[in-house]
Amino acid sequence: GVFVASANLQGNERTIVLHRLSANGNIATGWAPEGFKLGTSSYSPRPPVVAHDGAGGVLVGWSEDVALGGPSIVRVHRIDAVGVPNAVWPTGGHTIPDAYDVGLVVDDQHHVFVSTGEYDPVQYRSLGMRVRRLAADATPDPEWPEDGALVFPQGSSYGIGLIPDGAGGVFGGWSPGYLCIDFCPPF
């Protein structure tokens, strides 16, 4: 089967919804036809990204503005195969402030990697791409720097992609440049 996440507009609300389809293309047993609602925002959530969590579930991440024309954050949720949020992750998902794009991957050792494009909300300048490795409870992995690794300092990064390197780290890819959806800080 497959997990599918989307950002749906309904009235003035934008909702991130997760669906699970079985191997035959039908809605998976135990999943509602309307999917599992992960979050709602009145302001511009970006399209979500998904990654298999290595344990039958899924990671879902997206960025959203926290106020009209204001700063944005990244949210990452971990949902199991039957649509239940991971009990040890924060209820509203793992949140990263002042971030505008997200990439997700889990390696063979079940390390969760989250990459983000980050910016300074006061000076509206890019701080680059940062990769974090999270522990099972969504806190920073103690074997990695607490704030993660800054990969592309002082550059804007979009379309972030991560691939495990087979040794507890990742290879990252991104598109440098400027992309604007709704709120457009001058990076």
Answer whether the closest heavy-atom distance between the side chains of Ser6 and Val17 falls below 4.5 Å. yes
Count the heavy atoms belonging to other residues, nucleotides or ligands that lie under 6.0 Å from CG of Asp108, then report whether that count exceeds 12. no
Quick one: closest heavy-atom pair of Leu162 and Val131, and the distance? CD2-CG2, 4.3 Å
Please name the pair of heavy atoms, one in Ala136 and one in Val88, separated by the smallest distance, quoted to 0.1 Å. O-CG2, 3.5 Å
Are side-chain heavy atoms of Trp89 and His94 found at a separation under 4.5 Å? yes
Any Val58 side-chain heavy atom under 4.5 Å of Asp53 side chain: no
Measure the CG-CH2 distance between Leu18 and Trp31 for me, rounded to the nearest 0.5 Å. 4.0 Å
Answer yes or no: is there a donor N or O on one side and an acceptor on the other, between the side chain of His77 and the main chain of Gly92, under 3.5 Å? yes
For residues Trp62 and Leu38, determine if any side-chain heavy atom of one lies less than 4.5 Å from a side-chain heavy atom of the other. yes
Same hydrophobic cluster for Leu59 and Val114, using side-chain heavy-atom links shorter than 4.5 Å among ILVMFWY? yes
Residues Val60 and Ala5: closest non-hydrogen pair is CG1-CB, 3.9 Å
Membership question, hydrophobic clusters at under 4.5 Å side-chain separation (ILVMFWY): are Val112 and Val76 in the same one? yes
To the nearest 0.5 Å, what is the distance between CD1 (Ile16) and NZ (Lys37)? 11.5 Å
Are Tyr119 and Val74 linked, directly or through intermediate hydrophobic residues, by side-chain heavy-atom contacts shorter than 4.5 Å (ILVMFWY only)? no
Rounded to the nearest 0.5 Å, how far does CZ of Phe3 lie from CZ of Arg20? 4.5 Å
With rounding to the nearest 0.5 Å, note down the distance linking CD in Glu64 to CZ in Arg14. 11.0 Å
Would Val106 end up clustered with Phe113 when hydrophobic side chains under 4.5 Å apart are linked, directly or stepwise? no
Any heavy-atom pair between the side chains of Arg130 and Ile96 that's under 4.5 Å? no
Considering all heavy atoms, the nearest Asp65-Ser72 contact: OD1-CB, 3.5 Å
In this structure, would Val151 and Val170 fall into the same cluster of hydrophobic residues linked by side-chain contacts under 4.5 Å? yes
With a 4.5 Å limit on heavy-atom distance, are the side chains of Pro90 and Thr95 in contact? no
Can you tell me how far apart CZ (Arg132) and OG (Ser115) are? Round to the nearest 0.5 Å. 9.5 Å
How close do Thr116 and Ala99 get, heavy atom to heavy atom, and via which atoms? CB-CB, 3.9 Å
Which heavy atom in Leu104 sits nearest to a heavy atom in Gly61, and how many Å separate them? CD1-N, 3.5 Å
Mark yes when over 12 heavy atoms from residues, nucleotides or ligands other than Gln109 sit less than 6.0 Å from its CD; otherwise mark no. yes
Between CD1 on residue Ile27 and OG on residue Ser22, distance to nearest 0.5 Å: 9.0 Å
